[in-house]
Protein chains: 4
Amino acid sequence: MAQRGVNKVILVGNLGQEPETRYLPSGGAVTNISIATSETWKDKNSGQMQERTEWHRVVFFNRLAEIAGEYLKKGTKVYIEGALRTRKWQDQSGSDRYTTEIVASEMQMLDSRGGAGGGSDDGFSGYDQMPEARGSAPAPAASSSAPSPSPAGSDFEDDIPF
Amino acid sequence: MAQRGVNKVILVGNLGQEPETRYLPSGGAVTNISIATSETWKDKNSGQMQERTEWHRVVFFNRLAEIAGEYLKKGTKVYIEGALRTRKWQDQSGSDRYTTEIVASEMQMLDSRGGAGGGSDDGFSGYDQMPEARGSAPAPAASSSAPSPSPAGSDFEDDIPF
Amino acid sequence: MAQRGVNKVILVGNLGQEPETRYLPSGGAVTNISIATSETWKDKNSGQMQERTEWHRVVFFNRLAEIAGEYLKKGTKVYIEGALRTRKWQDQSGSDRYTTEIVASEMQMLDSRGGAGGGSDDGFSGYDQMPEARGSAPAPAASSSAPSPSPAGSDFEDDIPF
Amino acid sequence: MAQRGVNKVILVGNLGQEPETRYLPSGGAVTNISIATSETWKDKNSGQMQERTEWHRVVFFNRLAEIAGEYLKKGTKVYIEGALRTRKWQDQSGSDRYTTEIVASEMQMLDSRGGAGGGSDDGFSGYDQMPEARGSAPAPAASSSAPSPSPAGSDFEDDIPF
DNA sequence: TTTT
DNA sequence: TTTT
């Protein structure tokens, strides 16, 4: 609820594999995806182009997890906003391990209309059925949620500007 | 509630004057502040240092507006997260004018404890009483709100990592 | 070169019209685009869905301006990173007017490869020919430029992690 | 130099300990810091306030590394902008480990004037001597660098707006 | 109008 | 003026 400091991550990348959704004892959904970003540069010594791909583990909770699990696919390009979280866990030998993930609070699909006019027999056509959403807490039985910046009431007229 | 595209602004700057709070007919608070950011560079021709200050109009609604109106002061350094909104209005001659503002959805005071050891007889000491908050909609009688990134439930233990 | 405070804008939206490129006396290119972001919400009173579209003026300089002018088209979805700048100008009656723009420092095209394997007879296939770039200053005869986050040298091996 | 996708992190937090600077064989500086962000929330079941602190490993290269090593101290509040990078390394038993860090590309000190009028006998008074900077690549012998958004040339007059 |  |  309250934040001290700022912990914000913004990613745009493509899913490297299908999302994985599981359910907590509380019933809340948890979906994990892995998305890639990459950078290329020319090596100063060899003059050769180099490429480096970074993989990001992203986790969604609750309603966002359900949406992500349903609409995201391997290869989908997504915009993700979230926060860094490093989890501690034990490997088989009992020693501590740490994994850093992005806990998503917002997601938007960036691919256009489900594939150039063809196919998509599940009827999903891009932005029509929930391809964007705001997150909520992974707390037990938490509901989805989502307010914020948001529309001006009738007290503030807002027209097309320029 | 739903966003198509991303419209995000992040600012860190100082208030140029005292915040101004007013109330809508609905009872909701609206606070305006103006904050400065600046950049300096060396002019290529003259070799002289140049400075340019940018002023940003920021508007808060509802609960955030009350907090901003109460805790921010002229000179305060703040972190603001919000969205761009261009409002249309008419000047005295009836011609259209446009003003672009940042509708704040999150705010954090960045100054440390209440001001150089002196005064501050209201007992406010920096981070102790609400110096950070999340926004909600300027809709009539909207409540404050605030979900997001958020705490891990007991299903995910999270300790100090390194 | 030096920044006091933070002045950052992140946008993802579609161009409402073709980019407009012009050249400064110095020879530097300047490209303007207008991109839309929108939000929808259910009105509390009427229960009706509402939509509000926000239009953002974005300006590119120099190399980025050339790339934007060449590759962006009406309808293109783009990621933009930049800074807010409010310009003062005089209208025909000589009175002061202000226009707020986003001075782009980074741009990425988000549309996928010109349509699922078909067509695209101009040979442009998405990411292959410059659809992303970093900006530089609008200073006279400024060159393009662009370092930052960046690749790890051989001192830091970086492989695929998970 | 070129980015495919977006990999951006924005942090505001305090250093948990003194920065650690070392030098690569190439002569380039590398500074590591650890900064904390935290969030508090009320537990739904117990009604108790909970707090969770997240620690972020941040690494600076070259010129930024020198500045960070010189000016940042334990407790300093900083704004960091950077990119996520997961490094692979081997522990003593030879098994693979991964560490995720933020490679800083921009840094700003947010603490005000060196301590409320008192002390600071090194003469450092906040923003006067390099408390903000942009990063460059960790490549061998890389120089510092860094342009971007940036000042308008004389072709664009930019005055105080409102 | 801030801040350095 | 875009997009869904």
Side-chain angles (χ1 to χ4, degrees), chain A residues 71 79 108-114 124-133 159-162, chain B residues 2-7 11-20 32-40 49 51-58 72-78 80 86 109-111, chain C residues 2-7 11-20 32-40 49 51-58 72-78 80 86 109-111, chain D residues 71 79 108-114 120 123-133 159-162:
Chain A
Y71 295 107
Y79 168 89
Q108 278 194 46
M109 290 175 63
L110 297 173
D111 293 314
S112 329
R113 349 58 302 181
F124 178 66
S125 59
Y127 280 131
D128 297 342
Q129 299 166 50
M130 268 279 90
E132 148 284 311
D159 295 11
I160 299 104
F162 48 81
Chain B
Q3 269 265 145
R4 175 113 71 240
V6 174
N7 174 1
L11 300 173
V12 173
N14 301 280
L15 275 77
Q17 48 193 139
E18 296 296 325
E20 292 173 6
N32 286 276
I33 63 170
S34 179
I35 75 173
T37 58
S38 64
E39 50 188 335
T40 56
M49 284 307 288
E51 177 163 10
R52 176 177 147 78
T53 296
E54 189 70 40
W55 289 96
H56 308 271
R57 293 182 70 96
V58 178
L72 302 184
K73 301 293 170 205
K74 180 176 177 175
T76 303
K77 187 191 292 297
V78 281
I80 299 286
T86 296
M109 289 176 62
L110 298 174
D111 293 314
Chain C
Q3 270 264 143
R4 175 114 70 241
V6 174
N7 174 2
L11 300 173
V12 173
N14 301 279
L15 276 75
Q17 48 193 140
E18 297 295 324
E20 292 174 6
N32 286 277
I33 63 169
S34 180
I35 75 173
T37 57
S38 65
E39 50 187 334
T40 56
M49 285 306 287
E51 177 162 10
R52 177 178 147 78
T53 296
E54 189 70 39
W55 288 97
H56 308 271
R57 294 181 69 96
V58 178
L72 302 185
K73 301 294 171 205
K74 179 175 175 174
T76 303
K77 188 192 290 299
V78 281
I80 299 286
T86 296
M109 289 175 64
L110 297 174
D111 293 313
Chain D
Y71 295 107
Y79 168 89
Q108 278 195 45
M109 290 176 63
L110 299 173
D111 293 313
S112 330
R113 41 279 65 144
S120 193
F124 178 66
S125 57
Y127 281 132
D128 297 343
Q129 298 164 52
M130 268 279 90
E132 148 285 311
D159 295 12
I160 300 105
F162 48 83

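Every chain is numbered from 1, with letters handed out A, B, ... down the list of sequences. Computed from heavy atoms alone, side chains included, the values below leave out hydrogens, waters and symmetry copies.
In this structure, B:Trp55 does not count as stacked on the base of E:dT2 under the 5.5 Å centre distance and 30° plane angle limits.
Minimum atom distance to the side chain of B:Ser34 is reached by E:dT1, of the listed F:dT3, E:dT1, F:dT1. Ranking E:dT1, F:dT1, E:dT3 by closeness to the B:Asn14 side chain, first place goes to E:dT3. Of all nucleotides listed (E:dT2, E:dT1, F:dT3), E:dT2 comes nearest to the side chain of B:Ala36.
We find that CZ of B:Arg57 is positioned 12 Å from C1' of E:dT1, with the value rounded to whole Å. The separation between B:Met109 atom CE and E:dT3 atom P is 14 Å, rounded to whole Å. In this structure, C:Leu72 places its CG atom 16 Å from P of F:dT2, rounding to the nearest Å. One interatomic measurement links the two molecules: CD of B:Glu18 to C1' of E:dT1, which rounds to 11 Å at whole-angstrom precision. Atom pair C:Asn7:CG and E:dT2:C1' shows a separation of 14 Å (rounding to whole Å applied). Taking atom CD of C:Glu39 as the reference point, atom P of F:dT3 lies 19 Å away to the nearest angstrom. One atom, NE2 of B:His56, and another, P of E:dT2, lie 15 Å apart when rounded to the nearest Å. At whole-Å resolution of the value, CG in B:Asn32 and C1' in E:dT2 are 16 Å apart.
The shortest distance between side-chain heavy atoms of C:Glu18 and C:Lys73 falls below 4.5 Å. Looking at C:Glu54 and C:Arg52, their side chains come closer than 4.5 Å, going by heavy atoms from C-beta outward. By the 4.5 Å heavy-atom criterion applied to side chains, C:Lys77 and C:Met109 are not counted as neighbours. Contact of the B:Leu11 side chain with the C:Val6 side chain is not registered, since no non-hydrogen atoms from C-beta on lie closer than 4.5 Å.
For C:Thr53 against F:dT1, no side-chain N or O and base N or O form a donor-acceptor pair under 3.5 Å. Judged by distance alone with a 3.5 Å cut-off, no donor-acceptor contact links the side chain of B:Thr76 to the base of E:dT2.
Just one of B:Thr37, B:Ile33, B:Ile80 meets the side-chain contact (heavy atoms from CB on, under 4.5 Å) condition when paired with B:His56; it is B:Thr37.
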